[in-house]
**Q** 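Please see the structure below; I have some questions.
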Amino acid sequence: MEPVLEFKNVSKHYPQPSTGVLKALDDVSFSIQTGRTLAITGRSGSGKSTLLHLAAGIDVPSAGTVSFVGRDLGELSDRDRTLIRRDGVGLVFQFFYLLPHLTVWENVSLPAWIASDAGMEERGRDLLERVGLTAHASQEASKLSGGEMQRVAICRALLRKPRLLLADEPTGNLDDGNSEIVMDLLMKLVDEEEGTLLYVTHSDEQAAQADERLALHSGKLGPA
Amino acid sequence: MIRYFFRALRAQLHGGLSLFALSLFGVSIGVAAVVSIQIINLNALSAFSGSMRAVSGGADVTIVGKMPSLSEDTYPRVLATPGVEAAWPLFRLDVVAEDLDFYLEVIGVDFFTPIDLPWEGASVDLSAALGEPGWVAVTPTLAREKGWELGDRLEVSVGTRKAELVIGAFSDFQKATPLASTRLAVMDIAQAQSLFGARGQLHQIDVKIFEDVDQGDVIAELERSLGTQVLVLTPEQREQQASDLLSAFRLNLTALSFISLFVGGFLVFSSTQASLVRRRTEFGLLRSLGATHRQVMGLLVGDVLLLGLLGVAVGMPLGYLAAEANVDRVSATVTNLYLLDAINQLEVPAWFFLLAAAVGLFSAGLGALMPALELGRKDTRALLAAFSLHERVGARAPRAFLLGVGLMFLGGILYWLVGDRWRPAGFIQAFLLIAAVPLVTPLLVQGATGLLRVRSFGLAYGMKGLGKQLQTTSVAIAALAVAVSMVVGVTTMVASFRETLAIWIEATVQADVYVSTPAWRRSRRRAVLDASVIEVLARHPAVEQVDRLRQFFAYTNGRRFSFAGVDARAPGEKTRFALLEGEMLGAELGGIMVGEPLARKEHLSVGDDLVIDGPKGPVALPIKGIYYDYSSELGSAFTHLETMAKHFGDGPVNSVALYLEQGVDSEHVVDELKTSLADVPLTIRSNRRIREQALLVFDQTFAITRLLRYMSLLIAVTGVALTLIVLARERSAELALYRALGATRLQIFRVFLGKGLGMALIGIVLGSLAGVVFAFILIYVVNRAFFGWTIFVHWPIGLLVQQSLVILGASVLASLYPARVASRVPATELRREDL
């Protein structure tokens, strides 16, 4: 069966004025099958965010291939990668990235607006209900607590039933209590939706909740 | 810190050149608008003052007549007045030369009096000046311009009287007083009087007073001994008189130009605010490294000063060029409507540069004031975060709205209390309106964008965002609204005035053919129609009736006005003047009709007496009616020719109106009359032609306001571009998020176009509403108070819609570049602090 996401010998280098080149990722290979969850752990600066950017098609590798459902993202135009992101990928960020001037409902609806997908209202309400935020739907996102914000961000990411959900330190900006609640909720929703999740975290405890786990050390991927 | 300022400035320019360039453009155009109008205003009187100094430079006072003519008998009485060291008479006359539009200002002087004429070249043969008929000295500049040489002959006319002048010498008035009119021409006074049929008549007497005598005493003595028929004026008073004449015109232009500067100030506000938002981390860091509040403030002030100075440096030459390009139009107004000298050249004194610098810096400083105050708050970094700023403006929107409504209410109360009776009221109301617009804008933007239902990520989404980014968007929308209000207000006022004038002309210009002389426009009473010419006109077989008009300037209560005598009992006279109040003069002699501007300025009503300075003392004529009068700002009145003759003596007619038999082609009659009177200098115009020309003069008068309107709009549209660039920079993380969520570049481009479109739409709607009020202020308060005209409101809907579409189009065009910038923000730009 074709993996949802596949990294084959992926390297990402950034030119540096002093050292010549920074190897953010070095010959990374892995894949993730539909319905599976994969956690990647690593310290700050280990290349986790770069890996997610490549997975989402936000950036392209310096070497190797990143394939999304068999399509080599490096071969696609910026527009095509954008459309793949729009229609096939959901993103959850460490800092939530909710638009403070939009309401909770509008933030959740944003991917549908971007895709001109008119049939998502019911789905949005359902997701908000499942994360317990129906009452906050018309409230401005800036008025929410951190935990609530991340729950909204998860709803936004899941709205259009993406083939792949990418989460960058989803609890990295939350206290312990909220971290647990949000992580549990994320795993539960992905499970209910039969989704595919790739998340990066520095927490071994959270990484343990995934079906598989890998570790990044200075741009190299290995077993956790 | 100075080193840091320049280092940071370099970095800023490198990173935000387009933002800086747009701000600079806005300030420059604002400064240019004010500078151009001030240069024109400054020079509007320069030719008058220059000519006055050139001719009467050595005089301490000048005596001019209030009556149709100043008798030569006055001269010996002046000389005999104690304290008078010397006096010399002058005879002045504007004569038409070569073609209808060219005139010479002939000054008849007594060459044996102590008048200092700047002769050019070898000594002038005064015997020729006195003996050779038509001998005249012209300025070398004019001679060069016209290709005249010594000995050349020139045919000129005053009224139907023709004369031949001979260029006998050159007199370089510009050498002594550079701004003197190049059209000055000097000849012997006796020759001038004889040539132009005004023997025994003077125009003015210049007087030199002994140095050890009190000037005030001598003036009082002159006034006492010469009676009320003359005015004794110092050079300053004469200049002031001319200045007063133009004051309303100049003041209104100045006020309009300052609106452009005001709009430019908004741009400075936007860019300074954007700079603060962008640099909040930098300022926070500087503070944490020990920089004082004053030092950080210094960085900001330095930026603003630089912007202001560069704005002045660019705006000054731009303003000069704009003034130069438009001087002819204003000059035409000055000569046509106010009968002053044309503006020959533009002079900019040194102090003017300082004034322009002050204006530019003040506008930049004012624009930066609010953002600078933000810096003074605690927790600069957090308070200046874009979102918190927007949120604060949003929270304050209702209060600001109430304040704005309060200001407008105040304007309404002021109108209710003083109406058009107090001149500054109109400007105060306009100021209150313009101040209210930015205050009501945030809530209206919130309300308008709140109504939008967003279902997709496109234009509507972009528009809706305007209400959420108020700190940035409301300023630009307010600037646009102010500019649009000016455009709508002035366009409506001008269109209403034009329509009123057209209706008035339609109603009052009833005769079929009008006959005057080429010199009529400038020389008025001296431009007379010879009785034989009137006879020829009356004898034409198609002419049914001849209406005669005699006109001269008279004085009432110290105010100069145009006084006419007409055949008031003729059938055509019933409709010749559109009545505002009272009734038309009937068969009974003795009454007078007063034009609206004069009635308003002198607070006269039907039943009052108009007291006119007459040759034998004041003449009080009962006012029978007040008529609409748009012919001149000076004011006018008319009575029966017989009444005029009774009180002011007999005099020749200046123009006639011919009523033709029904069915006769007036153009054909005009051609026939022109042929039969080919050798007489006449201006014969058909009813249609005179209507066209009246509207042409009108259009010329208001042409300058078009420049100001467009300048203001240009700044405002620049504001739209600037704001969108600010948003693209300020919200780069938000844009990156959209990209991360799958929005294409084209979608983001459309979102930004939506923002531009939304800003333009709200600005146009709000500006149009304010413009309607502005139009009412201009029509009902400013015009009535300053000019005394009743203008009937006419909405130029087609023109306004057309202008709105142009503004909309310009705003969308202005959005293209920012939209492109925004669409190029990559998804990797996501940074936490910016969301």
Side-chain angles (χ1 to χ4, degrees), chain A residues 14 49-50 52-54 56-60 77-103 105-121 140-143 149 153 156-157 159-160 162 166 168 172-173, chain B residues 385-391 393-395 446 449-450 452-462 464-473 727 730-731 733-751 754 823-835:
Chain A
Y14 295 104
S49 293
T50 303
L52 281 185
H53 277 180
L54 294 176
I58 288 172
D59 211 345
V60 289
S77 66
D78 179 68
R79 181 183 156 77
D80 287 340
R81 280 187 277 118
T82 302
L83 295 183
I84 282 182
R85 203 158 54 239
R86 185 185 78 181
D87 299 328
V89 181
L91 287 164
V92 177
F93 306 95
Q94 178 182 352
F95 297 112
F96 328 131
Y97 292 144
L98 295 185
L99 293 173
H101 54 269
L102 297 186
T103 64
W105 162 249
E106 287 167 338
N107 266 288
V108 173
S109 302
L110 192 54
W113 290 351
I114 289 174
S116 299
D117 192 349
M120 285 288 148
E121 277 202 28
E140 279 195 356
S142 58
K143 305 283 191 292
M149 281 190 189
R156 181 178 68 189
L159 182 76
R160 299 194 67 232
L166 299 171
D168 183 5
N173 208 33
Chain B
F387 178 68
S388 54
L389 282 173
H390 297 314
E391 221 179 18
V393 174
Q446 265 185 340
T449 54
L452 284 171
R453 286 281 155 262
V454 177
R455 287 287 173 267
S456 69
F457 188 72
L459 293 176
Y461 184 86
K464 194 170 177 70
L466 297 174
K468 309 289 184 180
Q469 292 143 354
L470 283 173
Q471 173 75 16
T472 312
T473 58
L727 279 181
E730 191 182 87
R731 312 300 296 164
E734 182 182 324
L735 298 171
L737 175 68
Y738 295 140
R739 298 283 286 129
L741 294 178
T744 61
R745 283 183 178 176
L746 184 64
Q747 279 182 304
I748 291 179
F749 189 86
R750 280 167 48 198
V751 165
S823 70
R824 285 174 174 258
V825 173
T828 45
E829 282 281 306
L830 265 179
R831 293 183 305 274
R832 179 190 180 262
E833 58 195 344
D834 288 318
L835 267 176

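Computed over heavy atoms, backbone and side chain alike; hydrogens, waters and symmetry mates excluded.
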**Q** For Arg160(A), which atoms come within 4.5 Å of any heavy atom of chain B: side chain, backbone, both, or neither?
**A** neither
**Q** Can you check side-chain contact (heavy atoms from CB on, under 4.5 Å) on Gln747(B) and Thr744(B), steps first, answer last?
**A** CA-CA 5 Å; Gln747(B) 279 182 304; Thr744(B) 61; 3.3 Å; yes
**Q** Could you tell me which portion of Ile84(A) (side chain, backbone, both or neither) has an atom closer than 4.5 angstrom to a non-hydrogen atom of chain B?
**A**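 The answer is neither part of Ile84(A).
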**Q** Could you list the residues that satisfy ring pair (Phe, Tyr, Trp, His ring centres under 6.0 Å) with Phe96(A), not counting sequence neighbours?
**A**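 Here no residue qualifies.
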**Q** Below 4.5 Å from any heavy atom of chain A, which atoms of Val751(B) appear? Answer side chain, backbone, both or neither.
**A**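 The answer is neither part of Val751(B).
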**Q** Can you find a pair of side-chain heavy atoms, one from Phe93(A) and one from Leu737(B), that are under 4.5 Å apart?
**A**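 They are in side-chain contact.
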**Q** Can you tell which part of Asp117(A) gets under 4.5 Å to a heavy atom of chain B, answering side chain, backbone, both or neither?
**A** neither
**Q** So Leu159(A) and Arg156(A), do their side chains get closer than 4.5 Å, heavy atoms only?
**A**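 Answer no - side chains too far apart.
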**Q** Is Gln94(A) close to chain B through its backbone or its side chain, or both, or neither, when contacts mean heavy atoms under 4.5 Å?
**A** neither
**Q** Listed by chain and number, what are the side-chain contact (heavy atoms from CB on, under 4.5 Å) partners of Leu459(B), not counting sequence neighbours?
**A** Leu753(B)
**Q** Examine whether an atom of Tyr738(B) lies under 4.5 Å from a heavy atom of chain A, and if so say whether it belongs to the side chain, the backbone or both; otherwise answer neither.
**A** both
**Q** Do the non-hydrogen side-chain atoms of Trp113(A) and Glu106(A) ever get within less than 4.5 Å of each other?
**A**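 Sidechains of Glu106(A) and Trp113(A): in contact.
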**Q** With chain B as the partner, which of Arg79(A), Arg85(A), Glu121(A) has the greatest number of non-hydrogen pairs under 4.5 Å?
**A** Arg85(A)
